[in-house]
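See structure below.
Computed from heavy atoms alone, side chains included, the values below leave out hydrogens, waters and symmetry copies. Order of listing sets the numbers, starting from 1, for every ligand and every atom in it.
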Amino acid sequence: MARFTGKTALITGGASGIGKAAAKLLASEGANVVVGDIQVEAGETVAKEITDAGGNAIFVSLDVTSEDDWNAAIATTVETYGGLTTLVNNAGIGDTLPIEDTPLADWDRVIAVTQTSAFLGMKAASAELQKSGNASVVNISSMYGIVGGLGGPSYAAAKGAVRILTKNTALGWAKKGVRANSVHPGYINTPILGDTDRQYLIDTTPMGRLGEPEEIANVIAFLASDESSFMTGSEVVADGGYTAG
Ligand SMILES: NC(=O)c1ccc[n+]([C@@H]2O[C@H](COP(=O)([O-])OP(=O)(O)OC[C@H]3O[C@@H](n4cnc5c(N)ncnc54)[C@H](O)[C@@H]3O)[C@@H](O)[C@H]2O)c1
């Protein structure tokens, strides 16, 4: 049996980068995958690529800052696949300005998309996850949720909050059949990097290269699968050695 046979995973930010790689990997190993994103066309394309390859996937339009969208996405997931076993809170956005130049509206937006989204997602999914009796939540934080990071105060604060929210929820659900763990990627080659100087990121990574989205998808799959059955409240770092320094 494949690792995800009989499991249904909702992956936010599934239209691009790490979320897309995770959606494809979990589907290729038997999961029913629900791709949630605000990028409709790109998200539908990911779902189609999965079904064209013989897997099971649908796209749902999901703005992770909206409680109504979350409730609708969970309802669609249950209608389509009969339940939910796996939640990957992956959607996120960053900021770059120093704290003294960061407008409050920018701070609020990054906190909403990158931090509050994990709260809303786990809240909306909690009943279905607990009903499954063997569920896993994987929250995508960052190495900047462990060390201070460069610029981008709201991103670092949001990622630090996701790390602790994951542990808090893991303890609350420890006897309820739902595990929750966080992933802390280093610099990964995805659109979120924008026009950041790639060479600087490579030079500050001990392994001397960017990570690929598939390398983070592998970590997500491990935490989402029963292979990590005794792990909850853990943080897994995949950063080419950055935080070891
Ligand atoms: N790439 C990196 O270097 C890196 C490092 C550490 C952590 N991360 C984290 O990994 C996660 C995935 O990022 P990525 O690198 O794949 O970037 P990405 O930009 O390729 O993907 C992010 C996805 O989130 C979606 N998204 C944005 N706002 C949304 C909203 N309100 N509702 C729903 N979806 C929304 C985007 O449309 C996009 O598809 C993020 O949480 C990011 O912070 C990335």
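Residue L193 has at least one heavy-atom neighbour below 4.0 Å for each of these atoms of ligand 1: 3 (O). Counting atoms of ligand 1 from 1 in the listed order, those under 4.0 Å from a heavy atom of Y187 are 3 (O). Annotation for ligand 1: atoms under 4.0 Å from non-hydrogen atoms of P191 are 20 (O). Within the listing of ligand 1, atoms 16 (O), 20 (O) sit less than 4.0 angstrom from a heavy atom of G17. With ligand atoms numbered from 1 in the order given, ligand 1 contributes 2 (C), 3 (O), 4 (C), 5 (C), 6 (C) to contacts under 4.0 Å with heavy atoms of G186. Each of the atoms 36 (C), 37 (O), 38 (C), 39 (O) of ligand 1 lies under 4.0 Å from some heavy atom of Q39.
A salt bridge does not link E214 to K24: none of the charged side-chain nitrogens sits closer than 4.0 Å to a carboxylate oxygen. Here R209 pairs with E215 in a salt bridge; the nearest charged N to carboxylate O distance falls below 4.0 Å. Salt bridge annotation for K7-D226: present, with a cationic side-chain nitrogen under 4.0 angstrom from a carboxylate oxygen.
Nearest protein heavy-atom contact of atom 13 (O) of ligand 1 is I192 CD1, 4.1 Å. In this structure, the protein non-hydrogen atom closest to atom 32 (N) of ligand 1 is V64 N, 3.0 Å. Protein heavy atom in closest approach to atom 15 (O) of ligand 1: T190 OG1, 2.5 Å. Residue, atom and distance of the protein heavy atom nearest to atom 22 (C) of ligand 1 are G92 O, 4.1 Å. Protein heavy atom in closest approach to atom 23 (C) of ligand 1: G13 CA, 3.7 Å. At the shortest separation from atom 6 (C) of ligand 1 among protein heavy atoms lies P185 O, 3.4 Å. When only non-hydrogen protein atoms are considered, atom 33 (C) of ligand 1 lies nearest to L62 O, 3.0 Å. At the shortest separation from atom 42 (C) of ligand 1 among protein heavy atoms lies Y155 OH, 3.6 Å.
The CG atom of L129 sits 8.0 Å away from the OG1 atom of T85 when rounded to the nearest 0.5 Å.
At a 3.5 angstrom cut-off on N or O pairs, I188 counts as close to ligand 1. Considering backbone and side-chain atoms alike, S142 places every N or O at 3.5 Å or more from each N or O of ligand 1. At least one N or O atom of S16, backbone or side chain, sits closer than 3.5 Å to an N or O atom of ligand 1. The distance criterion of under 3.5 Å between nitrogen or oxygen atoms is met by I18 with respect to ligand 1.
Under a hydrophobic-cluster definition in which Ile, Leu, Val, Met, Phe, Trp and Tyr are linked whenever side-chain heavy atoms come within less than 4.5 Å, directly or via other members, I140 and L10 are assigned to different clusters.
Distances shorter than 4.0 angstrom do not occur between any heavy atom of K20 and any atom of ligand 1. The closest approach between a heavy atom of A112 and any atom of ligand 1 is not below 4.0 Å. Ligand 1 has no atom lying under 4.0 Å from any heavy atom of G94.
Side chains of S182 and N139: a donor-acceptor N/O pair is absent below 3.5 angstrom, by distance only. A donor-acceptor contact closer than 3.5 angstrom links the side chains of Q199 and D203.
Contact detail for A15 and V46: the closest heavy-atom pair is O-CG2, 3.9 Å. Minimum heavy-atom separation, L150 to Y187: CD1-OH, 3.7 Å. Heavy atoms only, all atoms of each residue included: L62 and G36 are closest at CB-CA, 4.1 Å.
Annotation: side chain of V237 is not in contact with side chain of Y242 (no heavy-atom distance under 4.5 Å). In this structure, I111 and T116 have side chains that are in contact, with non-hydrogen atoms separated by less than 4.5 Å.
Counting heavy-atom neighbours within 6.0 Å of I164 CD1, excluding the residue itself, gives a total above 12.
For atom 40 (C) of ligand 1, the nearest non-hydrogen atom from the set T114, D63, N90, V110 belongs to N90.
At a heavy-atom cutoff of 4.0 Å, ligand 1 is contacted by the side chain of K159 but not by its backbone. No part of P213 comes within 4.0 Å of ligand 1, judged by heavy-atom distances.
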Worksheet item: Taking it one step at a time, do E212 and I188 satisfy side-chain contact (heavy atoms from CB on, under 4.5 Å)?
Response: CA-CA 5 Å; E212 293 301 324; I188 311 301; 5.6 Å; no

